[in-house]
There are 2 protein chains.
Amino acid sequence: MAAMWQCQEVTSASTAGAVRQGSLRELNLAVVLRRIAAADRPPSRAGIAADTGLTRATVSAVVDDLIAGRLVAEAEPEPRTGAGRPARGLVLASDGPAGLGLEVNVDYLAACVVDLTGAVRHHLVRRADLRPASPADALARLAALAAEARAAAVRDGLTLAGAALAVPGLVGDGGLVRLAPNLGWRDVDVPALLAGHPLAEPVDGIPPLVVDNEANLAALGELYAGPAGPRSFLHVTGEIGIGAGIVLDGALYRGARGWSGEIGHFPVQPQGRPCRCGGQGCLERYAGQEAILAAAGLPGAELPADTAATRLADLAEAGDPATLAALTDAGTALGVAVAGVVNLLDLDTVVLGGGYARLAPWLRPTVEAEVSRRVLTAAWAPVTVRPAVLGAQSAAVGGAGSVVRRIVDRPVGWLARTT
Amino acid sequence: MAAMWQCQEVTSASTAGAVRQGSLRELNLAVVLRRIAAADRPPSRAGIAADTGLTRATVSAVVDDLIAGRLVAEAEPEPRTGAGRPARGLVLASDGPAGLGLEVNVDYLAACVVDLTGAVRHHLVRRADLRPASPADALARLAALAAEARAAAVRDGLTLAGAALAVPGLVGDGGLVRLAPNLGWRDVDVPALLAGHPLAEPVDGIPPLVVDNEANLAALGELYAGPAGPRSFLHVTGEIGIGAGIVLDGALYRGARGWSGEIGHFPVQPQGRPCRCGGQGCLERYAGQEAILAAAGLPGAELPADTAATRLADLAEAGDPATLAALTDAGTALGVAVAGVVNLLDLDTVVLGGGYARLAPWLRPTVEAEVSRRVLTAAWAPVTVRPAVLGAQSAAVGGAGSVVRRIVDRPVGWLARTT
DNA sequence: CCATTTAATTCAACCGCTGAACAAATCGCG
DNA sequence: CGCGATTTGTTCAGCGGTTGAATTAAATGG
């Protein structure tokens with residue numbers, strides 16, 4: 001029950017559980033819907049039947065359910081192909097359920113609405129320094145922004161099916177934020193602080209809000225962004241701390257306790273600079289925002305993350321030698337860590353996100369150099385290093401995407417709700 | 001098709017594929033069989049029904065199929081509990097299918113037979129220096145050993161359902177060993193070299209032999225060894241090279257291309273000793289067998305892995321200061337790497353296997369020290385470091401276990417074969 | 001205009017789960 | 001010793017959902 005507050009993908013109902021009579025329909029609804037979602041052009045019922053091995057009769061029945069539940073729509077203009085009755089293309093509905101993605105960060109609040117097709121329908125950002133604000137105050141402001149986004153979604157005829165909140169910190173069970181150092185949060189019980197707000201009112205016993213680490217949700221955002229993207233990759237988010245979202249075989253890997261991705265404390269210099277974690281030579285001390293700013297000769301200012309990346313990028317573009325050197329050093333440290341991870345996990349793609357997305361032009365060459373030097377299999381299996389396509393805002397989009405993805409993976413949950 | 005040669009677990013038939021009418025039975029056979037396999041005492045039909053949510057009638061029908069297929073047997077002596085008709089306990093059959101595990105290593109060949117219950121029924125080891133032998137010669141000797149093991153299994157009334165071969169190197173598709181440096185193998189096509197031998201003759205289109213990396217299979221061995229063991233752990237195999245098998249959520253993680261686990265080139269000292277991989281300061285150069293032997297003042301002898309670990313253990317037990325210092329240094333380097341991995345993947349257990357199993361008494365304290373110092377969450381989520389329960393021979397046992405595990409995960413494959 | 005082709009629907013048949021009733025086996029209690 | 005209580009396992013009619021073939025729908029091409 002507590003785990004429900006944590007965002008988690010539904011891989012398959014049958015992995016562990018028994019398969020009852022009704023599960024048959026439940027599973028086939030998911031199979032057909034996933035096929036429609038994954039197709040690059042609107043597939044026909046007959047095509048789905050041929051691909052999946054189901055009968056055309058079954059697919060028709062399943063599709064009828066999906067259309068009745070506003071998850072699928074028929075695409076009117078179908079591409080002509082040859083002789084025979086023309087197929088009627090099936091697409092994900094763009095007026096059915098949608099997901100609400102929220103983000104609290106050091107210097108902004110964000111809310112976005114993503115529909116079933118993955119399109120970002122609305123995106124609201126409020127810039128504000130949230131460090132002085134209390135958690136209750138920050139969440140109240142976030143709730144107001146969420147209400148605004150919800151109103152916009154309703155105007156579009158969308159129904160919000162749930163929400164996901166991205167937080168820059170460790171999240172435990174029950175939506176409890178154990179520690180968000182840069183926000184100054186510790187043991188903040190988000191659902192309790194939102195009590196009374198619609199976001200916190202369970203519908204059918206399912207809380208509409210999940211709370212998750214921003215690096216995890218940002219990685220999901222990248223995963224959903226490209227339909228044909230890599231299925232295993234590392235998404236590194238560079239802010240004051242450095243976090244990583246790990247996607248393996250198309251699923252976010254959370255770790256035994258949900259605390260995976262702490263790449264910031266990867267030892268890049270075991271006898272090096274001491275770190276607040278108690279170790280020495282952690283990546284964060286070489287490629288974290290503060291380290292880069294310091295090396296670039298900028299005052300150890302309390303710059304918001306976004307501003308810091310922009311400032312560094314401006315200086316780098318202007319050719320400032322200190323900044324360029326700082327970025328080279330940071331890229332080298334990052335490359336050492338990334339190479340270690342790639343050696344261990346055999347990933348083919350590394351995504352630079354958060355502040356790193358903006359700095360990718362300068363970080364990428366050094367990271368790639370370290371990777372190709374240190375990764376054993378790099379010679380005959382190249383590793384791609386690229387900036388995040390969603391940029392710094394991918395956490396909110398990824399959160400919203402995770403909501404709709406859950407519907408695609410288990411449509412029965414949504415269908416049971418409406419009927 | 002090529003992937004068939006690679007050992008891979010079957011998570012669930014429905015994860016991707018459609019669910020047809022017959023899949024219902026297929027899935028429920030797996031559900032019931034898994035439940036019997038995972039139970040700590042022989043469960044009854046009624047108990048399984050209560051646990052899974054299936055009807056007693058359904059469970060009975062499914063169990064009948066399983067018994068007819070020699071996968072399950074009724075345990076005669078059932079523990080008395082109270083009033084009511086006594087339950088008839090169900091156990092995995094110990095006279096049905098079995099798996100054959102094979103291993104080629106630098107200084108020995110091994111074959112073992114594991115039955116459905118996970119019991120090691122036979123275990124044959126031939127010590128021999130295989131580096132001078134050609135791959136064809138080594139495989140011929142292995143085939144002879146396999147035939148011996150098969151004969152022993154047949155005498156027990158067991159039916160070999162497949163075989164898995166553990167190799168200390170990178171394995172590609174189609175059973176091709178791309179590189180096994182310590183054996184001196186390069187691009188060795190195992191199925192081709194075994195042509196004509198029963199091991200290489202496909203049955204029902206399924207090749208009976210899969211080839212896999214020894215670190216991967218050893219990790220699987222540890223996974224299967226403890227029924228209540230950890231579901232996510234790192235299994236580090238210390239030999240001349242250092243490999244790791246990564247088990248996440250109860251499944252072996254292979255990486256995007258099947259080459260995960262190269263922890264030997266984790267950068268523990270980025271500006272440190274150059275490594276044959278082209279990088280610098282790789283773990284292998286500090287905690288590999290050669291490095292430890294050199295630090296202990298032993299000649300850079302071409303010792304077999306097993307002998308080297310034994311020699312070092314003997315010296316350490318005798319209190320030899322150079323050896324103790326060497327093991328401390330190696331443990332520190334290993335601990336740095338392990339801490340990095342645990343930070344990244346949030347694992348709760350690290351298993352020391354291969355040669356490290358023998359050296360665990362001396363390595364463990366330093367590894368644990370580095371882990372607790374460097375792992376962020378170590379304070380409130382302890383990490384267990386322990387030697388492999390199967391010791392150095394876990395790869396063959398794990399390979400055999402993976403064969404029977406595949407049957408438990410998808411019993412239809414076996415049942416369809418016999419009927 | 002009609003044969004051809006492909007898409008989607010309809011419908012009887014069938015597979016396998018469901019639920020309840022029934023038979024089997026043991027314990028408790030008088 | 002006998003009988004009710006209790007739990008296990010089986011039998012069987014019922015039913016949900018897929019199957020496969022026949023049918024209708026809608027377009028192309030000669």
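Everything numeric in this text was worked out from a predicted model, so none of it was measured.
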For C/dG16 and B/N28 - does any side-chain N or O of the residue sit under 4.0 Å from the phosphate oxygens OP1/OP2?
no
Does any N or O donor sit under 3.5 Å from an N or O acceptor when you compare the side chain of B/R85 with the base of D/dT7?
no
By the 4.0 Å heavy-atom rule, please label B/S44 as base, sugar-phosphate, or nothing.
sugar-phosphate
Take the protein atom CG of B/L24 and the nucleotide atom P of D/dT19, then report the distance between them rounded to whole Å.
10 Å
Is the backbone N or O of B/G69 less than 3.5 Å from a side-chain atom of B/W414, with the two atoms forming a donor-acceptor pair by type?
yes
Which is more 5' along DNA chain C, the nucleotide nearest B/Q21 or the one nearest A/G22? Just name the residue.
B/Q21
Rounded interatomic separation in angstrom, taking CZ from B/R45 and P from D/dT8:
12 Å
Rounded to whole Å, the CG-C1' distance (B/D65 to C/dC17) equals 13 Å
Could you tell me the separation between the CZ atom of B/R88 and the C1' atom of D/dT10, rounded to a whole number of Å?
12 Å
Distance, rounded to the nearest Å, where B/L29 contributes CG and C/dC17 contributes C1':
13 Å
Between D/dC15 atom P and A/R20 atom CZ, what is the distance in whole Å?
17 Å
If you measure from CG on B/L248 to OG on B/S232, what distance do you get to the nearest 0.5 Å?
5.5 Å
Measuring from B/T117:OG1 to B/L92:CG, what's the distance to the nearest 0.5 Å?
7.0 Å
Indicate yes or no: does A/R254 engage A/D212 in a salt bridge with an N to O separation below 4.0 Å.
yes
For atom CG of A/D64 and atom P of D/dT18, their distance in whole Å
12 Å
What is the distance, rounded to the nearest whole Å, between atom CG of A/L27 and atom P of D/dG16?
18 Å
Heavy-atom donor-acceptor pair, B/R70 side chain to B/G96 backbone, under 3.5 Å:
no
What does A/A57 touch in the nucleic acid at a heavy-atom separation under 4.0 angstrom: a base, only the sugar-phosphate, or nothing?
base
Distance-only, no hydrogens or angles: does the A/E222 side chain make a donor-acceptor pair with backbone N or O of A/V389 under 3.5 Å?
yes
D/dT10 phosphate, OP1 or OP2, under 4.0 Å from B/S60 side-chain N/O:
yes
So, is B/R25 near the phosphate of C/dC17, with a side-chain N or O under 4.0 Å from OP1 or OP2?
yes
Should A/D409 and A/R34 be marked as a salt bridge (Lys or Arg N to Asp or Glu O under 4.0 Å) after you check the CA-CA gap, both sets of side-chain angles, and the distance that decides it?
CA-CA 7 Å; A/D409 280 339; A/R34 267 201 291 259; 3.3 Å; yes
Look at the side-chain N and O atoms of B/T58 and state whether any lies under 4.0 Å from the OP1 or OP2 oxygen of C/dG16.
no
For DNA chain C, which residues in residues 49-56 of chain A have a heavy atom at a distance below 4.0 Å?
A/R56
